[in-house]
Every structure is written in C-alpha cells, then in structure tokens.
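Everything quoted here is computed from the prediction, not taken from an experiment.
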Amino acid sequence: MPDSKCKKTDSDRIMRIFELCEEHFGYVRFVGVKYHSRIGWVAKVQFNDSIYFENLTADGDNSTDALRKLKNRVKKIINRYNTV
C-alpha cells in the first residue's frame with residue numbers, strides 16, 4: 001500500500017514562496033536557493049519595483065531548511081502588514 005503522505009520538494013516550496021510574495025508584494029523577479037561556501041545554503045526572493053523590499057534572504061543548514069525559513073519570514077511580514 002503506497003504511503004498516503006505526499007512529500008514536498010524544494011521546487012514545491014519555491015512555488016509556494018513565489019505565490020505568497022506575488023500575491024502580497026507585487027511582481028517577483030526571482031525565487032531560488034543556492035549554496036554559498038562561507039554561509040551555507042541561502043534562499044532568496046528578488047522583487048522588481050517593490051515599494052517594500054528589494055530582496056529577502058534566509059540561510060540554513062540545507063536547501064530545504066533555508067526555504068522553510070524564508071517562507072516563515074515572508075509569512076511573518078505579511079501578518080505584520082495585515083495587522084497594521
């Protein structure tokens with residue numbers, strides 16, 4: 001019997017971050033993750049003509065961790081702006 005749990009991939013996480021950012025902040029130029037030799041894994045969102053941010057970043061021990069931290073950071077910012 002196959003496992004009923006669906007495993008998320010990093011590309012699924014990138015698409016979710018892209019959708020969140022585009023919905024709340026406008027046009028998104030880039031969402032991605034890369035390995036930096038001194039920092040480790042870095043997830044980044046770049047905005048185009050955003051009045052709020054030029055970019056947002058988060059780092060982690062692996063690519064999944066970095067993407068999770070970036071998504072949580074975006075959600076915190078969205079919640080903060082919705083309460084004001």
Side-chain angles (χ1 to χ4, degrees):
M1 194 169 191
D3 203 14
S4 63
K5 290 186 178 181
C6 168
K7 293 195 177 194
K8 290 183 186 177
T9 63
D10 284 349
S11 59
D12 295 334
R13 290 182 175 89
I14 289 171
M15 289 303 298
R16 178 67 179 141
I17 293 168
F18 182 86
E19 290 167 359
L20 278 172
C21 291
E22 195 168 53
E23 183 178 321
H24 291 280
F25 303 120
Y27 181 74
V28 176
R29 183 186 310 171
F30 170 81
V31 178
V33 62
K34 70 176 186 175
Y35 182 76
H36 192 276
S37 60
R38 293 185 184 175
I39 301 171
W41 287 95
V42 178
K44 184 175 187 177
V45 177
Q46 282 185 333
F47 299 101
N48 194 25
D49 301 331
S50 175
I51 60 173
Y52 303 110
F53 309 102
E54 193 171 307
N55 60 42
L56 294 171
T57 61
D59 58 76
D61 296 332
N62 54 42
S63 60
T64 302
D65 187 39
L67 288 168
R68 283 181 183 157
K69 287 181 180 180
L70 181 61
K71 183 186 67 146
N72 289 337
R73 184 173 181 199
V74 168
K75 283 184 171 183
K76 285 180 184 178
I77 292 169
I78 290 169
N79 289 335
R80 190 177 307 141
Y81 278 110
N82 284 339
T83 59
V84 173

Around E54, counting heavy atoms of other residues, nucleotides and ligands shown, do more than 12 lie under 6.0 Å from its CD? no
Could you report the tightest heavy-atom contact between A43 and A66, atom names first, then the distance? CB-O, 3.6 Å
Side-chain heavy atoms under 4.5 angstrom apart, residues restricted to Ile, Leu, Val, Met, Phe, Trp, Tyr: same cluster for V42 and F18? no
Reference residue V45; test side-chain contact (heavy atoms from CB on, under 4.5 Å); the match among I17, N55, L20: I17
Approximate separation, where rounding is to 0.5 Å, of I77 CD1 and N72 CG: 11.0 Å
Which distance, rounded to the nearest 0.5 Å, do you find between the NZ of K44 and the CZ of R29? 9.5 Å
Considering all heavy atoms, the nearest R13-K8 contact: NH1-O, 3.4 Å
Separation of Q46 CD from C21 SG (nearest 0.5 Å): 12.0 Å
Heavy atoms from other residues, nucleotides or ligands near CG of D61 exceed 12 (cutoff 6.0 Å): no
Hydrophobic clusters here meaning ILVMFWY residues chained together by side-chain heavy-atom distances under 4.5 Å, can you tell me if L70 and Y35 are in one? yes
Hydrophobic cluster identity match, F30 and V74, side-chain contacts under 4.5 Å: no
Decide whether V28 and M15 are clustered together by the hydrophobic rule: side chain heavy atoms of Ile, Leu, Val, Met, Phe, Trp, Tyr closer than 4.5 Å, transitively. no
Output the distance between atom CZ (R38) and atom NE2 (H36), rounded to the nearest 0.5 Å. 7.0 Å
What's the spacing between K34 NZ and I39 CD1 if we round to 0.5 Å? 8.5 Å
Could you tell me if the ring centre of Y27 sits under 6.0 Å from that of F47? no
Locate the shortest heavy-atom distance separating K7 from D12; write the atom from each residue and the value. O-OD2, 4.3 Å
How many angstroms lie between NZ in K71 and NZ in K75, if you round to the nearest 0.5 Å? 4.0 Å
For W41 and N62, which heavy atoms make the closest approach, and how far apart are they? CD1-CA, 3.3 Å
Between K69 and D65, does at least one N-O distance fall below 4.0 Å, as a salt bridge requires? yes
